[in-house]
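Just so we're on the same page: letters track the sequence lines, and every chain starts at 1. This one's a predicted model, so the numbers in the text were calculated from it and none came from an experiment.
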Amino acid sequence: MRIANRWRTHHCAQLRATDVGRKVRLCGWVDRRRDHGGLVFVDLRDREGVSQIVFHPEEYFEAAEIGKALHAEDLIQVEGLVARRPEGTENEGLATGEIEVVAQSVRLLNACLPLPFPLDAVVENEELRLAFRFLDLRRRRMLENLRLRHRITRAVRDYLDARGFLEVETPILSKSTPEGARDFLVPSRLAPGSFYALPQAPQQYKQLLMVSGIERYYQIARCFRDEDLRADRQPEFTQVDLEASFAEPEDIQSWVEGALEKVFREVVGTDLSLPFPRMSYREAMDRYGSDKPDLRFGIDLYDVGEIFRGSDLKVFRAVLDAGGVVKAVNGKGLARIGAAELAALEEIARGLGGKGLAYIRVESSGWKSPIGKFLTPGERDALALALGATEGDLLLFAADQWQLACEILGRIRLRLADLSGEPKEHSEWKFLWVTDFPLFAFDREEGRWESMHHPFTRPRSEDLPLLEEGRYGEVRALAYDIVLNGTELGGGSIRIHEAELQQKIFSILGIDSETQEQRFGHLLKAFRYGAPPHGGVALGLDRLAMLLAGAESIRDVIAFPKNRHGVDPLTGSPAEVDAKQLRELRIAISGRGNA
RNA sequence: GGAGCCAUAGCUCAAUUGGUUAGAGCGCUGCCCUGUCACGGCAGAGGUUGCGGGUUCGAGACCCGUUGGCUCCGCCA
């Protein structure tokens, strides 16, 4: 890195014993000052690191006077001589620890007010950190997070470039398609009453690029969704978005695996073993009660319906007779948990819509359980065998429709892992492809079918007859999600490229022909002009960076994130605008607050 | 829209069962200190305990409300 110019000759992590005697000039912030009355030391910091500056009052009085008066985070320019530190005062913990710069002159370039929070300690007050984000980003940890993110995108770009992917930008001012998340809208001045929408993803544009014959496209794409925020959700976020023509799911998956392998090798020095395991949606739900199972621990769900098929336990029997399932999970060693914890587990079940959560404490004195008296010795033996139950275990049961029973125990499983102190090492990377998602999910409240992934997802060809027969819930999609340690890192699919099939899917989703033409006419039109088969995937860059950084929130890997309410406390966005601006847009505010 | 947790000095936290003048470390200010690197020493400033109400002889603590922050559910094709 070339750095020398009139401001500075080196950066603060650059100088070594071989530079002793050299006259240098450094610029940086006062990381720490140690004033010995006479002698003053300053750790001078820039992006690259730290050098110790020493002020000798007898030799360089004026410089020392300035040095004495410095404060934390003052910005200074120092000119001086590189000197070897006296025998025994070297600092082995510092790359530049063999030398120091003897200040001959120093300029205070810009002073710093007393800091609102320390830069070298944990600060819980995130609101304050965001309000002073420019200072927060000076912290080593945050700087390294940004650097890590940079390295990720660079590795991804290198990888995809080497495989013939073209980076193409797509519009930010886009068109609203009311399916999916809520859109951010941008009013058009030139067409009053009309609005652009910020893209939730470049989905349709990248498919159009495939029709254009681009063949392999990628983009580090900003996406916008106007939904409530979470630790891993911001209203604007970034996806590594790619699409390829003439590609099978295996092609897409191997590109993702290859890119991630390169990222992990180059960014954190970890070798991933490829390919990642695959698991069908059905199996993931059956075994782990989740479509993004965390495989760092091995608590499995079991179907124990057969054991209760002839049971006296009416609640279980009724569910089974109605076509439901009885599933169970074994919390090894958790018979010890108290009533409050147990109630919390039941609350998880109820919160999801379950009727309850049966439990059995396996204790030395016998099985302690409200359902205990309904169990025959044979049933107990069968359960113990199926669940591997031994003394001290806590068995939990959900009896419900398959989907719900799985989801309930899936949540319980995560909670049990916490309770039992299962190791969840950040350095352990458990990747998984979840495949064969259902194409549709039935929305009970709306009383209609919805796309599980999105409406452009291609059904498996062998399931096309099911589509004709109206057995929508059974149709599987050529879709795949990539999961890392229980986090959905991304997902993709092979797309529909035929106008007729696309129209059929739209119709099943309850979008009539007129609306189809209105909202998706451009896509349907394009499909009639020799659209190639194609598919792709999108990876959540923020989440990937968060996991690699060992951060708790994607806010820690985004330079200027929004808080819980979509507000940036630093700039004060969003903000009201001038009446003149609104007039130009022909917008009238009808009311504030509970409008 | 719902649930939970939190709010005490600039920051991170403490304050026994409701009981004297709300403390500590860091930071800040002043003084001392010539080989430190989380330098050290002495002194000092800094608080309407988020806000409003209530219970009580007495509230940082208990109750109600409210505001703000965070986490989760809903939502996120």
Item to complete: Describe the nucleic acid contact of A:Pro455 in one word from base, sugar-phosphate, nothing, applying a heavy-atom distance below 4.0 Å.
Response: base
Discussion item. Looking at B:A7, which nucleotide sits across from it as a Watson-Crick or G-U wobble partner, both distances under 3.5 angstrom, or is there none?
Written reply: B:U67
Worksheet item: B:C75, B:U71, B:G10: which one has an atom nearest the side-chain heavy atoms of A:Ala231?
Response: B:U71
Discussion item. Of the options B:C70, B:G35, B:U12, whose atoms approach the side-chain atoms of A:Glu124 most closely?
Written reply: B:U12
Worksheet entry | Centroid-centroid distance, A:Tyr60 to A:Phe55, less than 6.0 Å | no
Discussion item. Without decimals, in angstroms, what is the distance between A:Arg230 CZ and B:C75 C1'?
Written reply: 7 Å
Item to complete: Look at all strands and tell whether A:Glu87 reaches a base, only sugar-phosphate, or nothing, counting heavy atoms closer than 4.0 Å.
Response: nothing
Worksheet entry | A:Arg555 side-chain proximity, nearest of B:U71, B:G35, B:G1 | B:U71
Practice prompt. Remember a base hit wins even if backbone is also touched, and classify A:Asp120 as base, sugar-phosphate or nothing at under 4.0 Å, heavy atoms.
Written response: nothing
Discussion item. Can you work out whether A:Thr89 or A:Leu128 has the more 5'-proximal nearest nucleotide on RNA chain B?
Written reply: A:Leu128
Item to complete: On the 0 to 90° scale, with breaks at 30° and 60°, tag the A:Trp433-A:Tyr480 ring pair as parallel, tilted or perpendicular.
Response: perpendicular
Practice prompt. Report yes if a side-chain nitrogen or oxygen of A:His36 is closer than 4.0 Å to either non-bridging phosphate oxygen (OP1 or OP2) of B:C37; otherwise report no.
Written response: no
Item to complete: Mark this stacking check for A:Phe41 against B:U36 as yes or no, applying ring centres under 5.5 Å and ring planes under 30°.
Response: yes
Response to the item:
Rounded to whole Å, the CD1-P distance (A:Ile348 to B:G74) equals 13 Å
Worksheet item: With both distances under 3.5 angstrom, what nucleotide forms a Watson-Crick or G-U wobble pair with B:C76?
Response: none
Discussion item. Suppose we call a contact any N or O donor and acceptor under 3.5 Å apart; does that hold for the side chain of A:Glu100 and the base of B:G35?
Written reply: yes
Worksheet item: Is A:Arg32 near enough to B:C39 that one of its side-chain N or O atoms lies under 4.0 angstrom from OP1 or OP2?
Response: yes
Discussion item. Classify A:Glu347 by what it touches in the nucleic acid, base, sugar-phosphate, or nothing, heavy-atom distance under 4.0 Å.
Written reply: nothing
Item to complete: Please state the C1' separation for the pair B:U67 and B:A43 - nearest whole angstrom.
Response: 40 Å
Worksheet entry | Donor-acceptor pair under 3.5 Å, A:Arg85 side chain vs B:C37 base | yes
Item to complete: Specify the residue among A:Glu450 and A:Val122 whose closest nucleotide of RNA chain B lies further upstream toward the 5′ end.
Response: A:Val122
Fill in: Whole-Å P distance, B:C37 and B:C26
15 Å
Worksheet item: Considering only the C1' atoms, how many Å lie between B:U49 and B:A7, rounded to the nearest integer?
Response: 9 Å
Worksheet entry | Candidates B:G69, B:C76, B:U36 - which lies nearest the side chain of A:Gln52 | B:U36
Fill in: Phosphate contact (B:U36 OP1 or OP2) by A:Asn91 side-chain N/O below 4.0 Å
no
Worksheet entry | C1' gap between B:C75 and B:C13, integer Å | 37 Å
Fill in: B:C11 and B:G69, which share atom name P, separated by this distance in whole Å
16 Å
Worksheet entry | Audit row: A:Ile496, A:Glu498, side chain to side chain contact (heavy atoms under 4.5 Å, CB included) steps and yes/no | CA-CA 6 Å; A:Ile496 296 164; A:Glu498 309 94 320; 3.7 Å; yes
Worksheet item: Atom CZ of A:Phe237 to atom C1' of B:C76: distance rounded to whole Å?
Response: 8 Å
Worksheet item: Please give, in whole Å, the distance from B:A3 C1' to A:Leu352 CG?
Response: 13 Å
Worksheet item: A:His534 vs A:Phe527 aromatic rings, parallel, tilted or perpendicular, using cut-offs 30° and 60°?
Response: tilted
Practice prompt. Determine, step by step, whether A:Asp43 and A:Arg32 satisfy the salt bridge (charged side-chain N to carboxylate O under 4.0 Å, His left out) criterion, reporting the C-alpha distance in whole Å, the side-chain angles of both residues, the deciding distance to 0.1 Å, and the verdict.
Written response: CA-CA 5 Å; A:Asp43 291 338; A:Arg32 192 159 254 118; 5.6 Å; no
Worksheet item: Is the closest side-chain donor-acceptor distance between A:Glu62 and A:Ser105 under 3.5 Å?
Response: no
Worksheet entry | Rounded distance in Å between the P positions of B:A3 and B:A24 | 41 Å
Discussion item. If you count heavy atoms of other groups shown closer than 6.0 angstrom to CZ of A:Phe195, is the number above 12?
Written reply: yes
Item to complete: Send over the distance from A:Met452 CE to B:C75 P, rounded to a whole Å.
Response: 13 Å
Discussion item. I need the CD-C1' distance between A:Glu227 and B:C72, as an integer number of Å.
Written reply: 16 Å
Fill in: C1' spacing across the pair B:A14 / B:G30, given as an integer number of angstrom
28 Å
Worksheet item: Closest to the A:Arg233 side chain: B:G35, B:C33, B:C75?
Response: B:C75
Worksheet item: Within this structure, what is the CD-to-C1' distance between A:Glu92 and B:U36, rounded to whole angstrom?
Response: 16 Å
Worksheet entry | Nucleotide forming a Watson-Crick or wobble pair with B:U16, both distances under 3.5 Å | none
Practice prompt. Answer with yes or no whether A:Arg564 presents, from its side chain, a donor or acceptor under 3.5 Å of a partner atom in the base of B:G68.
Written response: no
Worksheet item: Whole Å only: how far is the NE2 atom of A:His565 from the C1' atom of B:U71?
Response: 12 Å
Discussion item. Tell me whether A:Lys68 at atom NZ has more than 12 heavy atoms from other residues, nucleotides or ligands lying less than 6.0 Å away.
Written reply: yes
Worksheet item: Do other residues, nucleotides or ligands put more than 12 heavy atoms under 6.0 Å from A:Phe61 CZ?
Response: no
Discussion item. For the C1' atoms, the ones on B:G40 and on B:G58, what distance do you get once it is rounded to whole angstrom?
Written reply: 45 Å
Discussion item. Categorize A:Pro114 for me: base, sugar-phosphate, or nothing, with a 4.0 angstrom heavy-atom threshold over every strand shown.
Written reply: nothing
Worksheet item: Hey, does the side chain of A:Arg34 come within less than 4.0 Å of B:U36's phosphate (OP1/OP2), counting only N and O?
Response: no
Worksheet item: Watson-Crick or G-U wobble partner for B:G40, using a 3.5 Å limit on both distances?
Response: B:C32
Worksheet item: Do A:Asn125 and B:G69 have a side chain to base donor-acceptor pair shorter than 3.5 Å?
Response: no
